[in-house]
A.B. asks: 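The structure follows.
In what follows, chains carry the letters A, B, and so on, assigned in the order in which the sequence lines appear, proteins first and then strands, with residues in each chain numbered from 1.
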Amino acid sequence: MNNAKIADQFDQLADLLELEGANAFRVRAYRNASRTIEGLSESLASIVEDDPAQLQELQGIGKDLAEKIEAILSTGELRQLEELKAKIPADVVRMLRIPGIGPKKVATLYHDLKITSLELLKHAAEEGKISELKGFGKKTEQIILEGLEQLEQAGVRMYLADAKPFVDAIADQLRKLKSVDQVSVAGSVRRLKETVGDLDMLATADDPTEAMDYLANHPLTENVIARGETKQRVRFQPLSPCMTPDGNRISLEMDLRVVPKESFGAALQYFTGSKEHNIVTRRLAKERDLKLNEYGLFHGEDPKAAATEEEVYEALDLPWIPPELRENRREFIAAENGRIPDLLEVSDIRGDLHMHTTATDGTATIEQMIEGARERGHKYIAITDHSKRVTMANGLDADRLRAHWEEIRKIREHYSDIEVYCGIECDILEDATLDLPDDVLAEADWVIAVLHYGLKQPREQITKRLLTAIENPHVHMLGHLSGRLIGKRPGADVDYETIFQAAADHGVMLELNAHPSRLDLDDIRAAQAKEMGIPIVINTDAHSTAGFDLMQWGVYQARRAGLTKKDVANTRTAKQFLKMLR
DNA sequence: GCCGTTTTCGGCCCGACTGTTTTCAGTCG
């Protein structure tokens with residue numbers, strides 16, 4: 001039973017309690033606990049094994065929830081959850097996912113109309129039975145019918161890499177409007193989350209009409225969902241490309257908020273979120289007898305801070321907190337201790353240590369890759385083509401690999417301003433052996449060990465395979481660790497705690513693969529690796545020279561993990577980097 | 001259900017917008 005599953009049980013219980021009309025703060029307690037658990041770097045199982053009393057030291061976990069965690073760990077389930085699941089049909093919980101419909105309305109539909117499935121809900125709406133209920137009307141019926149259509153899409157998120165250029169472009173367009181003063185992207189895009197659900201935009205203007213009209217009439221806008229004095233929500237036409245692995249197009253929605261100039265900082269702080277972060281900032285305001293909202297920080301009617309984020313945080317006795325860290329994980333503790341990290345920048349990266357050439361599945365030659373890396377200012381690179389098991393990519397056996405390295409050695413003679421290492425992306429086979437013999441690996445400057453096949457093997461076997469690689473003295477780094485893709489296709493089931501401990505013990509580095517759909521090391525795990533002192537390497541896995549440009553997405557992920565220049569190995573000079581190798 | 005320089009009770013962030021209302025509850029972020 002891992003942390004994610006326990007967190008999920010608490011989330012499910014929160015949904016069900018909400019439907020039961022439980023105290024809203026009790027529901028929130030479960031959701032808070034779930035979030036705390038998700039953000040934990042240590043597993044609950046090992047905490048309990050160590051000392052169960054430590055559970056109650058976790059944020060938002062008291063006596064009751066600590067007992068529930070222990071019960072889940074020992075019995076594999078949560079009794080209250082099983083009881084409520086038996087009582088309330090799963091489709092009733094699914095109804096909560098319909099936008100505009102919440103727990104109160106779902107409970108009414110369930111209790112008064114005995115609607116127990118999505119099918120019954122559809123029929124009831126079509127027959128006009130829902131609008132007869134008190135508190136419901138024709139419009140609600142319409143919302144339900146439309147919502148049912150979109151239920152498949154609900155909760156679908158888009159890659160940051162797809163969303164960000166789009167939102168940035170809209171921001172630029174809004175900036176050109178006469179009446180608009182400042183514009184900033186906000187929400188999860190500003191926080192650089194790896195995937196985003198909807199888009200948030202903030203503008204300042206004395207009169208919001210022009211900005212709102214512009215967005216409402218934008219060629220990519222499908223329809224306006226809501227429009228008020230200061231806030232407008234629109235749905236865009238389905239964009240391509242989109243994030244779903246099966247190629248579904250998704251419609252994005254954007255909130256545009258327009259506030260007066262003098263409120264820009266407070267509004268940006270509010271609109272950037274996260275919601276959990278804001279709950280804390282507002283509580284901190286309250287403790288100081290102040291009130292924080294999107295218009296400013298007020299003492300009674302007196303504005304204390306509003307124009308910039310910096311002054312809002314300062315008035316709360318906090319340093320400015322980078323948006324990437326605003327998740328109410330550890331940023332407030334860090335801020336109080338003056339330990340907000342100086343986050344990694346793209347320009348800090350000096351080398352890229354994972355790339356392919358025409359020798360296997362790359363589209364550029366060795367020379368072209370070296371030239372491309374030089375153009376981007378890299379001081380060192382490793383050419384790491386595939387090993388033979390990856391037949392699809394024309395993987396290299398020992399003989400071809402040695403010839404390939406010989407060629408690299410010849411070519412690198414011509415470059416004095418960039419170091420080029422002879423590397424290999426060596427597969428860890430299903431039987432927990434490596435795809436190339438030790439004597440070949442020993443000749444390499446740089447060895448990446450990766451899983452490509454047998455990702456569905458049980459956790460024990462996957463973990464054993466990774467341990468084999470870590471224990472091989474020639475392996476320097478574990479490459480895209482889990483094969484994880486964002487979206488529907490799950491990665492391998494890995495015992496991260498064991499792997500990280502072994503990597504720390506053996507001096508093996510971990511890769512943060514910068515490909516936007518394959519950010520293998522998520523921010524929580526990257527933070528954990530940092531805590532354990534394991535060097536992280538951010539690579540692009542470039543298959544062409546254009547592939548080098550993916551580096552920023554890995555850096556964004558690293559920033560969310562709170563990583564600094566010091567935590568990332570390939571910010572070092574070539575000489576320092578080589579020294580770090582075991 | 002959690003939490004405590006208002007610590008074992010009584011709080012728990014705050015405002016915009018919509019739909020169904022006649023002053024507000026529900027939902028959302």
Side-chain angles (χ1 to χ4, degrees), chain A residues 10 13-14 17-19 21-36 55-69 78 80 95-109 130-144 147 154 186-191 196-202 208 212 224-234 253-259 263 266-267 269-298 316 326 328:
Chain A
F10 284 156
L13 187 52
L17 286 171
E18 215 169 14
L19 286 172
N23 178 306
F25 296 107
R26 187 174 162 221
V27 173
R28 188 147 95 195
Y30 279 102
R31 293 204 203 283
N32 286 342
S34 172
R35 283 192 51 83
T36 294
L55 285 177
Q56 291 192 50
E57 285 166 29
L58 299 172
Q59 197 181 11
I61 303 214
K63 185 164 170 288
D64 187 275
L65 285 174
E67 278 170 13
K68 288 194 166 76
I69 290 169
L78 182 56
Q80 285 97 323
M95 285 156 62
L96 289 172
R97 307 284 167 255
I98 299 172
I101 305 296
K104 295 275 164 36
K105 286 212 159 73
V106 171
T108 305
L109 292 166
I130 289 174
S131 55
E132 293 167 9
L133 289 170
K134 187 175 161 57
F136 290 72
K138 280 286 162 206
K139 191 79 188 182
T140 310
E141 228 161 44
Q142 197 61 33
I143 285 171
I144 288 172
S188 51
V189 176
R190 181 160 183 248
R191 300 202 310 280
V196 301
D198 61 4
L199 313 172
D200 299 288
M201 186 77 75
L202 173 71
M212 287 196 183
V224 176
I225 297 168
R227 176 165 180 165
E229 300 275 310
T230 67
K231 190 172 143 183
Q232 178 177 255
R233 189 172 179 89
V234 302
E253 294 180 4
M254 179 185 277
D255 273 325
L256 169 66
R257 190 73 191 265
V258 188
V259 299
S263 298
Q269 197 283 325
Y270 153 79
F271 216 23
T272 296
S274 67
K275 189 181 168 189
E276 289 76 13
H277 177 90
N278 287 352
I279 287 174
V280 177
T281 51
R282 285 173 171 172
R283 200 183 63 217
L284 292 175
K286 210 166 186 176
E287 286 169 9
R288 286 161 179 75
D289 203 22
L290 301 167
K291 187 175 76 168
L292 179 62
N293 59 30
E294 55 265 57
Y295 301 108
L297 184 64
F298 299 91
L316 297 174
R326 300 183 194 170
N328 188 22

A.B. asks: Could you say whether Thr140(A) or Val280(A) is positioned toward the 5' end of DNA chain B, judged by the nucleotide with the nearest heavy atom to each?
C.D. replies: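 The 5'-side residue here is Val280(A).
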A.B. asks: Taking dG15(B) as the reference, what is the distance to dG10(B) when you measure between their C1' atoms (whole Å, please)?
C.D. replies: 24 Å
A.B. asks: Could you check which residues of residues 224-232 of chain A get a heavy atom under 4.0 Å from DNA chain B? Sort them by number, please.
C.D. replies: Ala226(A), Arg227(A), Gly228(A), Glu229(A), Thr230(A), Lys231(A)
A.B. asks: Tell me, yes or no, whether the heavy-atom count around Gln59(A) atom CD, taken from other residues, nucleotides or ligands under 6.0 Å, exceeds 12.
C.D. replies: no
A.B. asks: In chain order, what residues pass the side chain to side chain contact (heavy atoms under 4.5 Å, CB included) check against Ala107(A), with sequence neighbours excluded?
C.D. replies: His111(A)
A.B. asks: So, using salt bridge (charged side-chain N to carboxylate O under 4.0 Å, His left out) as the criterion, who are the partners of Glu132(A) when residues are at least two apart?
C.D. replies: none
A.B. asks: Across the strands shown, which category fits Lys105(A) at heavy-atom distances under 4.0 angstrom: base, sugar-phosphate, nothing?
C.D. replies: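 Sugar-phosphate, backbone atoms only, no base.
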A.B. asks: Can you sort out the partners of Asp64(A) under side chain to side chain donor-acceptor pair (under 3.5 Å), two or more places apart, ordered by chain and number?
C.D. replies: Lys68(A)
A.B. asks: Work out how far the P atom of dC28(B) is from that of dT23(B), and round it to whole angstrom.
C.D. replies: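 My reading of the P atoms in dC28(B) and dT23(B) gives 25 Å.
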A.B. asks: Restricting to salt bridge (charged side-chain N to carboxylate O under 4.0 Å, His left out), what partner residues turn up for Lys139(A), sequence neighbours left out?
C.D. replies: none
A.B. asks: If the P atom of dG4(B) is compared with that of dC13(B), how far apart are they to the nearest Å?
C.D. replies: 14 Å
A.B. asks: In chain order, what residues pass the side chain to side chain donor-acceptor pair (under 3.5 Å) check against Gln80(A), with sequence neighbours excluded?
C.D. replies: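 Side chain to side chain donor-acceptor pair (under 3.5 Å) list for Gln80(A), sorted by chain: empty.
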A.B. asks: Is a donor from one side chain sitting under 3.5 angstrom from an acceptor on the other, for Glu141(A) and Ser131(A)?
C.D. replies: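 Ser131(A) and Glu141(A) do have a side-chain donor-acceptor pair below 3.5 Å.
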A.B. asks: Just the endpoints, please: which first and last nucleotides of DNA chain B, 5' to 3', lie under 4.0 Å from a heavy atom of chain A?
C.D. replies: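 Contact span on the strand: dG1(B) to dG29(B).
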A.B. asks: Ignoring hydrogens, what is the shortest heavy-atom contact between Phe10(A) and Ala33(A)? Give both atom names and the distance.
C.D. replies: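 Here Phe10(A) and Ala33(A) meet closest at CD1-CB, 4.3 Å.
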A.B. asks: Using a 4.0 Å cut-off on heavy atoms, which residues in residues 288-298 of chain A reach DNA chain B? List them by number, or say none.
C.D. replies: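 Residues of residues 288-298 of chain A that come under 4.0 Å of DNA chain B are, in numerical order, Lys291(A), Leu292(A), Asn293(A), Glu294(A), Tyr295(A).
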A.B. asks: Within residues 23-31 of chain A, which residues have any heavy atom lying less than 4.0 Å from an atom of DNA chain B?
C.D. replies: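 Nucleic-acid contacts, sorted: Asn23(A), Phe25(A), Arg26(A), Arg28(A), Ala29(A), Tyr30(A).
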A.B. asks: Picking from Leu96(A), Leu17(A), Val27(A), what satisfies side chain to side chain contact (heavy atoms under 4.5 Å, CB included) with Pro103(A)?
C.D. replies: Leu96(A)
A.B. asks: Taking the same atom, P, in dC17(B) and in dG11(B), what whole-Å distance lies between them?
C.D. replies: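 To the nearest whole Å, 30 Å.
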A.B. asks: Applying side chain to side chain donor-acceptor pair (under 3.5 Å), can you list everything that pairs with Arg35(A), at least two apart in sequence or on another chain?
C.D. replies: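 Arg35(A) satisfies side chain to side chain donor-acceptor pair (under 3.5 Å) with no other residue.
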A.B. asks: Who does dT8(B) pair with, Watson-Crick or G-U, both distances under 3.5 Å?
C.D. replies: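 Checking every strand shown, dT8(B) finds no partner, since no pair has both distances under 3.5 Å.
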A.B. asks: Looking at Glu294(A) and Lys231(A), is any side-chain nitrogen of the basic one under 4.0 Å from a carboxylate oxygen of the acidic one?
C.D. replies: no
A.B. asks: Which part of the nucleic acid, if any, lies within contact of Asp64(A), taking any heavy atom under 4.0 Å across all strands shown: a base, the sugar-phosphate backbone alone, or nothing?
C.D. replies: sugar-phosphate
A.B. asks: Give me the distance, rounded to whole Å, that separates dT7(B) from dC3(B) when you measure between the C1' atoms they each carry.
C.D. replies: 9 Å
A.B. asks: On a heavy-atom basis, which atom in Gly60(A) and which in Leu65(A) lie closest, and how many Å separate them?
C.D. replies: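 Shortest heavy-atom separation between Gly60(A) and Leu65(A) comes out as O-CD1, 3.7 Å.
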A.B. asks: Heavy-atom nearest nucleotide on DNA chain B for Ile279(A) versus Asp200(A): which residue maps closer to 5'?
C.D. replies: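 Closer to the 5' end of DNA chain B: Ile279(A).
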A.B. asks: Provide the distance between the two C1' atoms, one in dC2(B) and one in dT8(B), to the nearest whole Å.
C.D. replies: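 That atom pair is separated by 12 Å.
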A.B. asks: Restricting to ring pair (Phe, Tyr, Trp, His ring centres under 6.0 Å), what partner residues turn up for Tyr270(A), sequence neighbours left out?
C.D. replies: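 Tyr270(A): no ring pair (Phe, Tyr, Trp, His ring centres under 6.0 Å) contacts found.
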A.B. asks: Who passes salt bridge (charged side-chain N to carboxylate O under 4.0 Å, His left out) against Arg283(A), sequence neighbours left out?
C.D. replies: Glu287(A)
A.B. asks: Can you tell me, in whole Å, how much space there is between the C1' of dT20(B) and that of dA25(B)?
C.D. replies: 9 Å
